[in-house]
Structure formats: C-alpha cells, structure tokens
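Here the structure is laid out as structure tokens; the discussion comes afterwards.
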2 protein chains.
Amino acid sequence: MARKQGSHAEITGPKVRQAALRLFARHGFAAVSMRQIAAEVGVQAGALYLYTPDKQTLLFDLMRDHMEELLSDWQVPEGCAKLALEAFTRHHIRFHLARPELVFIAYMELRNLEPRNFAVIEGLRKAYEDQLESILKRGVATGRFAVPDTKLATLAIIAMLTGVTTWYREGGRLDRDAVEGIYWDMVRKAVAVE
Amino acid sequence: MARKQGSHAEITGPKVRQAALRLFARHGFAAVSMRQIAAEVGVQAGALYLYTPDKQTLLFDLMRDHMEELLSDWQVPEGCAKLALEAFTRHHIRFHLARPELVFIAYMELRNLEPRNFAVIEGLRKAYEDQLESILKRGVATGRFAVPDTKLATLAIIAMLTGVTTWYREGGRLDRDAVEGIYWDMVRKAVAVE
DNA sequence: GTCTATAGCGCGATAGAC
DNA sequence: GTCTATCGCGCTATAGAC
C-alpha cells in the first residue's frame, strides 16, 4: 500500500497511546494536557485528534484493553483449589509487575471515567474478582481453605497482591520470583485450615 | 471579642477545608477548581485566599494533619507481639474506616504534592510503616511469627488492611467489628508459625 | 498526516471597593 | 470578610492550509 510523504499513522497512533500511558501514570489524567502528550509524541496538539476522538477515550481505551488482557491472560486451573490459588497469586503478581503504569492508571483513574465507561471497567474488574472468589469457594467447599467470608478474602488478597506495584523496583533487593514466593507464602497461610 | 457583621472566619475556615476534602476525594485534586470549592462553601473564589495561601497548601495541610493524627493516635503496646499486631490491625481498620475521604486523598494525591511537601508526607508514612515492622520484627525474634521478610510483610499487610476503605459501606452486610475480626484472622494466620 | 491559528472557555490568583 | 472585576494564561477541540 502506497504511503504519502510525512504519513506515519501506523507509528504515531501507538506512540500517542504510549505517551498518554506514561504521562497519565506519572501525573494523573486530570493533570496531563493534550499539549503535553503531543510534545511527548513529537507532533502538534491538533494532530492527536487523528488518533483519538478525545482525551476521555484515550484514557478509556488504555483501561479497557488492560482489563481485557488481564482477563484473557488467565485461565482457572481445574484441579486442586490450592494449586489454583497459587497459580492465581503468581500470575497476578507477574502480570502486574510487568505493566506497572497500566496497573496504576486502572486503579487511580476510575473516577475520571464517564459513567458509561466506568460501568464497563467495573464489570471487567468484577469478572476478575469472581475468578479468585470461585477458587476460594471451591477450597472452602472441599475443606482445603478456611476463610470466614470469601468475598472479603477475595478483596483482601487482591489488595495485598496489587500493593506489590507500589514498592517493587527492578534490580532491587528481591527479584520477581522471590517476591512471588513470599506473597504466595502469606496468601497460602492466610486461607489455611488451622 | 467583638465580631464585625458578615465576619465568619471561625466558621468559614473549617468549611473551606471540609469542602476541599470532599471534592478532592470525589474528583481528585487536579480535577477540582478553586471556584468549585468556593461554590461548595458558599463564597466567591477570591475569598478562599483568606484561608489558604494557595490550592497546593490546601491539599498538603489535609494530608499532613491526617498523617500526624494517624501517628499520634497510635501507641505500640509493649508486651506480646501477637497482641500488639492485633491492636495495630484493629486500630488501622477503625482509623481508616472512620475517615475514608482523608485516606483516599492521602493515598491518591501523593503525586500532586510539590517535592518539599511530598518529602514530609513520605516521612510520616515511613514512620507509620516502621511501627508495624517493629512489631513483626519483635514477633520473629521471639519465635511467635514466621515471615520471610518483615519489610515486605509490612507493606503487604498495610495494603491489605487499607483496601478495606475501597469496598466498605456503612450499613452493609458486615459491621465494623465483624470486618476487624475477619481481617485480623487473615493477618494472624498469614504471619503464624506453622 | 501534520501543521498553524484560533475559538471559546475556565483556570489560579490578585486588586480594590464596601 | 466578602464581594466584583480582571489579569494573564492554559486548556480542549476544531478549521483550514499544505
């Protein structure tokens, strides 16, 4: 397919999303201007509107794609609930450490979504929580786990695991495998039958 | 002390802080304008500057006062590490559930602080984390707790407990005491010697 | 596809009347 | 202590040249 001089749509589109991702994560959606994003990409502000209808959609697309990838990347293992819980724990940490900026945005910018967009993201988030809760329920039903309230335990575990993104830094004291192991140890014990 | 007609400094000052608290928590610091705050208080935008030098200070004062109260409200119990950990857990949940808006702001608006203000808040946050870590270290030293890494466990526990503010609603399925008990059960088991 | 220019608006903060 | 008025600026989004 022929390409006009100065035409870089295939490159510039992703670069716009990438720049928005970095700046939203660093400064927050409301604090970032379209001019800043354009400067990061290396185009004029007006040119951004070739790649997104508006600033809100830029945010929503980042969050929706992130949540959909989180869900599609994960398959509940069938067998033993304990193995499923370990797989969930390790996958959650791996997935979140691999894309800290998206995680941060998906967590912090919910209130900047328009109501319709918010509902979509909340639905995806709920679906993800249900994955963990079903594992906990399974373990409780088979007597492998002891949790007083599966819904609350689901939220507590996800909060604990997601917190890893607030302090983990590449090249720090612990590598990713070590972090996974330590968190799994705490999760395992927290739901254990005494 | 005589009061001029139309003078309401003793009332308006706190109302400004209160309005800023509500609006920052709901929409985020960067998304809230001084005009919105003024409208909430029932004065004109210019009048706000009688009570704060600028918008940044309004945010910083809310966060600093919150963190200082969090610290001053808490005294580490001397004796048994397990009792100290239970006291910390229950106090953390009680304190956070009692002021969800301040908690939300202290957590979400760190990146909107100027560097000097950020350093102050980070210092207070670190001091609070140290309270919990010292309890965990004490328990590990006396063989009451088994945690592979006290620093990581500190952050994991705080993340888990603070997460309660994201879902707890007054008048919901569980009251505050029940929530405290359930979280304490998970924390207790997570650090337990097997 | 990207540019320049700009419409139309809201912002934080200040000045000065009352 | 609060008001009105305003400065100077930056914002999102669009129009139209190239």
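In what follows, every chain begins at residue 1, and chains take the letters A, B, ... in the order their sequences are listed. Side chains are part of it too, since the values below use all heavy atoms of this structure and drop only hydrogens, waters and symmetry mates.
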Going by side-chain heavy atoms closer than 4.5 Å, which hydrophobic residues are tied to M108(B), directly or by a chain of links? F104(A), Y107(A), M108(A), F104(B), Y107(B)
Could you give all pairs that pass the side chain to side chain donor-acceptor pair (under 3.5 Å) test and reach residues 16-30 of chain B, with sequence neighbours left out? R17(B)-D65(B), R22(B)-E40(B)
First of V32(A) and V43(B) reached from the 5' end of DNA chain D, by closest nucleotide: V43(B)
Can you tell me the distance, in whole Å, between the CD1 atom of I37(B) and the P atom of dA13(C)? 10 Å
Going by ring-ring contact (aromatic ring centres under 6.0 Å, His included), name the pairs with one or both residues in residues 108-131 of chain A, residues two or more places apart or in two chains. F88(A)-Y128(A), H92(A)-Y128(A)
Rounded to whole angstroms, how far apart are CG on L58(B) and C1' on dA13(C)? 14 Å
For dG10(C) and S33(B) - does any side-chain N or O of the residue sit under 4.0 Å from the phosphate oxygens OP1/OP2? no
Which class fits the ring pair W74(A) and H91(A): parallel under 30°, tilted 30 to 60°, perpendicular over 60°? tilted
For residues 136-190 of chain B, which residue pairs pass the ring-ring contact (aromatic ring centres under 6.0 Å, His included) check, not counting sequence neighbours? none
Output every pair passing salt bridge (Lys or Arg N to Asp or Glu O under 4.0 Å) with a member in residues 153-163 of chain A, not counting sequence neighbours, ordered by first then second residue. none
With a 4.0 Å cut-off on heavy atoms, is V41(A) in touch with a base, just the backbone sugar-phosphate, or nothing at all? nothing
In whole Å, what is the span from the CG atom of L48(B) to the P atom of dG12(C)? 10 Å
May I ask you to evaluate whether Q44(A) reaches the phosphate of dT4(C), defined as a side-chain N or O under 4.0 Å from OP1 or OP2? yes
Can you check whether T12(B) has a side-chain N or O nearer than 4.0 Å to OP1 or OP2 of dT2(D)? yes
How would you summarise protein contacts on nucleotides 13-18 of chain D per nucleotide, using B for base, S for sugar-phosphate only and - for none, with heavy-atom distances below 4.0 Å? BB----
Rounded to whole Å, CG of L50(B) lies from C1' of dA13(C) at a distance of 12 Å
